[in-house]
Amino acid sequence: MIIAIDGPSGAGKSTVARALAQRLGYQYVDTGAMYRAVAWKAKRESIGIEDESSLQELASSLRLSFVTEGEKLRFFCDQEEITEAIRTPEISHLASEISKKKGVREALVKKQREMGKEGGMVFEGRDIGTIVFPGADIKFYLTASVEERGRRRFKELLEKGIQVDFYETLREVIERDRNDMTRELSPLKRAGDAIEIDSTHLSIEEVVGEMYRLILEKIGNP
Ligand code: DC
């Protein structure tokens, strides 16, 4: 079974997807981390945002792997751990820009479909229910108000020891929403058959509980 969770940044997708996967005994795939990895490596190799063919080559050649360790999901790119390095505001912005490139999207979608072959997975991103797995067994679209998403992102960065200004973070969330929703290729949008959950006033446990209940209701015991 494939479970798709899409939605804007800061809606709580990663936390919820990880907890849901743990509850189901499934694997969790954070597809945003894959776009971030391409951005991180492009920066390190000084590949410019306009150099589409090098970015495409980079995206298809990267060896990406997720390793679950208890509550934590560690992420490796060509055997180097980049779990924390890809979470800076600079990489967030760069990943959003890079995700507009056709070659990059094609390369990463191919990797994602390969990962999903065996099923038993929770995929989280922007285009999972619309493009990557349109036939997913159940699709969720997780949202929250923009202020709440800005607050969550701000808290997350502070907890990681990254010093940021709240209004700057809020601006970044708004800009990324615009970027991700208005891009030409695979823009973020709710799939027609996705179940929308607004997490503004819900705790992580409440969101996960609701998703679990809906999974049982829709497809029975996973
Ligand atoms: O989920 P995230 O914030 O880590 O994602 C980083 C960027 O990657 C996001 O701004 C848009 C892009 N992305 C995408 O285009 N498609 C996905 N499935 C996941 C992320």
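Counting starts at 1 for both ligands and their atoms, following the listed order. For clarity, every value in this text was computed on a predicted model and none was experimentally measured. Note: hydrogens, waters and symmetry copies are ignored here, and every other heavy atom, side chains too, is used.
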Hey, are [X] and [Y] close enough for a salt bridge, meaning a charged N less than 4.0 Å from a carboxylate O?
X    : Y    : answer
E175 : R178 : no
R44  : E80  : yes
K102 : E106 : yes
K41  : D78  : yes
E69  : K72  : no
K139 : D193 : yes
E184 : K100 : no
D198 : R149 : no

Nearest to [atom], what protein heavy atom do you find, and at what distance?
atom                    : answer
atom 19 (C) of ligand 1 : T31 OG1, 3.4 Å
atom 18 (N) of ligand 1 : D127 OD1, 2.8 Å
atom 8 (O) of ligand 1  : Y35 CB, 3.5 Å
atom 4 (O) of ligand 1  : R36 NE, 2.6 Å
atom 20 (C) of ligand 1 : G32 CA, 3.5 Å
atom 1 (O) of ligand 1  : R126 NH1, 2.9 Å
atom 16 (N) of ligand 1 : R105 NH2, 3.1 Å

So for R183, does at least one of its heavy atoms come nearer than 4.0 angstrom to any atom of ligand 1?
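The answer is yes, since R183 has a heavy atom less than 4.0 Å from ligand 1.
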
Close approach, Q112 and ligand 1, non-hydrogen under 4.0 angstrom
no

With respect to R176, determine whether any N or O atom, backbone or side chain, lies less than 3.5 Å from an N or O atom of ligand 1.
yes

Do ligand 1 and K13 have nitrogen or oxygen atoms that lie under 3.5 Å from each other?
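No, K13 has no N/O under 3.5 Å of an N/O on ligand 1.
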
For [X], counting its heavy atoms only, list the atoms of ligand 1 lying under 4.0 Å from any of them.
X    : answer
G125 : 18 (N), 19 (C)
S96  : 10 (O)
S99  : 11 (C), 12 (C), 15 (O)

Between R126 and Y35, is there a side-chain donor-acceptor contact under 3.5 Å, judged purely by atom types and distance?
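No.
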
